[in-house]
Amino acid sequence: MPKILIVDDDPNIRLLLKQSLEELEDQGVIFISADNGEVALDIIRDENPDVVFLDVMMPRMNGFDVCNTVKNKLEIRDVFIILLTVKGQKLDKQKGKDAGADIYMTKPFNPDEILRVARNILGL
Amino acid sequence: MMNISAIKILIVDDDVFVREMLSSILEAGGYSIIMAENGREALEKCLYDESIDLIVSDVNMPEMDGLQLIKEIRTHGLEVPIIMVTGVSDISVAVDALSSGAIDYVLKDEGIEETINITVKRALAKHQLKLQNLQLVADLAAKTSEQEDTLSYLTAIINNMPDGLLVTNAQSRITLANPALGRMFGLNETELPGKNCEDAFSGNLAPLFEMVCSQSEHPVSAQVELVGGGVGSAVAAAIRKQQTTFFKSDEFIGNLVIIRDVTSEKEIERMKDDFLSTVSHELRTPLTSVLGFTKVIRKKLEEVIFPQLPDSDARSLRTVQQIDDNIGIIISEGERLTNLINDVLDLSKMEAGKIEWKHEPAQLPEILEQSIAATASLFENKGIEIIREIPEILPTISCDRDRIVQVVINLLSNALKFTDNGSVKVIADKNYEDNSTAISGQDFIKVSIIDSGIGISEKDRNRVFEKFKQVGDTLTDRPKGSGLGLPICQQIVEHHGGKIWVESDLGKGSTFSFVLPV
Ligand SMILES: Nc1ncnc2c1ncn2[C@@H]1O[C@H](COP(=O)(O)OP(=O)(O)O)[C@@H](O)[C@H]1O
Ligand SMILES: [Mg+2]
């Protein structure tokens, strides 16, 4: 079963992401969510999600650090990380690339776009 | 020298024969003469009449002799020159006279008729010189004191100014450092003068050394760290001495560095940055929810709810239409708010110099095409045609490509927004020249976006580049937008060393143009 991890400290955004992706549930995709970076890191290690929607601005451990740890330190390769940043600032783009994010999307995002991206990655 | 008849000579001799003889000789020379019989009388006359220019005096006289007269004259503070007339036998007296302060002597012999005239002339000339010399010395003293005053003023200013000041000579040796400098860097400024910059400036002060040594033609500036974690803004400039001969170029005599404590300015700037990024984050998070959920709702309504409604019922059809419209408004206003936040953030970052600008070679025709493509569907929807007059090949420019695209899109959307029928023309031209730039020999490319819309009145033309400025009647035809588009365009274009302006005919259309250096 493909797994999608949703990470954001704002419960509304988590709900929004989940609802955006809801259709995939019928196709057997399992959703897990986390409200901070530390928890997200544990889940990525233990549950091996296929796709992670990862917010950048979070307390305790931000998205860049989570991404960096997963991709560069733990060298987990088979996870697709989508960084969710506020507005595509040049600096953030570069930081995201350095941290090893596969793509980034800016907030506010379009729910359809989220769904399309997830479908593409999972080949559904 | 003054008129001879105005020169007054006092002849002093107890021998009336000698007095008359000298008097007649000198009177023949044109001088005015007064006489005294002895030293005492002579002294009294001198004290009474300060206009006496010269004394010709015998040595041996009753009551007060010649040598005594010299002493008395001088102790009374009189400068009048004295010539001693001495007998041939007592030449040694002449020597005494000279050492007591006589200006010269004459021998009482047959030749006196000639020598007295020469000696008098010489004495007067010599005295004149002496007086001039004294005057010079006095003038110099006055000048010096004046300069000492100026120096005191300057010293007071330098010592009390809040900015740090450092002066070095042409060999990078420190010649001046003020107390503010000492305070700023936590050192004793009195120990600095005489030291070489290189030895004196390590650590925090190293940037100052580099500035002083750069010897650039133009002032250079740098940021330096101050004691206690403060921030200073330093400016260095060469000191040149103007040459009096105009064909010589000014002489480089040293450097001046002024450091201003900008800690609080920086702190305010940082707070503003923090504030802006917090605000933008805090505003975007709820906006993400509002916009996202609205879109989810619209999708669900369209896919699940609306199809279940009976389409025969007029009322429910109307309701469906209304809900659809209302949701459309929520989404477009939400997007407008997002754009506004983006613009505010963008502009304040540009103004604060916080944008990292790229400088990469780019082809303007590609940039224009990309911008046209991005707005093409909007133009199509409104039925406005875009006409291109773009040469295939234009000189390469070095720019931040995305930012120039942003400028063109902004101008295109404005043109579209304020044009209800007709067309919008995009013209690029490489042979742009204007008087102010032609001199520098710099080539520019000019881009114009010409619309056939409402135009801008003369008084509003200069104001459209102001922040939050939307001209026209804000109540009736307040356009959708932030009023930040043009200020952002201006920041971007000016950052690239270009300029942007508008020409317009009210009611007929506007032409927004910008130039970029090649
Ligand atoms: N092509 C144009 N024709 C007429 N007026 C214009 C045009 N472009 C800009 N303006 C005027 O300048 C104002 C400022 O423009 P801008 O800074 O882009 O802000 P906005 O488009 O968000 O209102 C506009 O509101 C409008 O009044
Ligand atoms: Mg605009």
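Letters go in sequence order (proteins before strands), and every chain restarts at 1.
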Any A:Glu22 side-chain heavy atom under 4.5 Å of B:Lys300 side chain: yes
A:Asn12 portion near chain B, given a 4.5 angstrom heavy-atom threshold: both
Trace of the side-chain contact (heavy atoms from CB on, under 4.5 Å) decision for B:Lys295 with A:Leu16: CA-CA 10 Å; B:Lys295 285 178 182 169; A:Leu16 177 61; over 6 Å; no
Interchain contact, A:Ile114 with chain B, by part (heavy-atom threshold 4.5 Å): neither
CG on B:Leu287 to NZ on A:Lys107, rounded to 0.5 Å: 11.5 Å
Chain B contact via A:Leu84 - side chain, backbone, both or neither, heavy atoms under 4.5 Å: neither
Approximate separation, where rounding is to 0.5 Å, of A:Gln19 CD and B:Ile297 CD1: 8.5 Å
Heavy-atom contact with chain B under 4.5 Å, split by part of A:Glu23: side chain
Minimum-distance pair of heavy atoms, taken over all atoms of A:Pro111 and B:Gly292: CG-O, 3.4 Å
Structural part of B:Thr285 lying under 4.5 Å from a heavy atom of chain A: both
Side-chain heavy-atom pair A:Phe109, B:Leu291 within 4.5 angstrom cut-off: no
B:Lys467 NZ: over 12 foreign heavy atoms closer than 6.0 Å: no
Heavy-atom closest contact (B:Ser289 atom, A:Ile13 atom, distance): OG-CD1, 3.6 Å
Residues, nucleotides or ligands: over 12 heavy atoms within 6.0 Å of A:Lys18 NZ: no
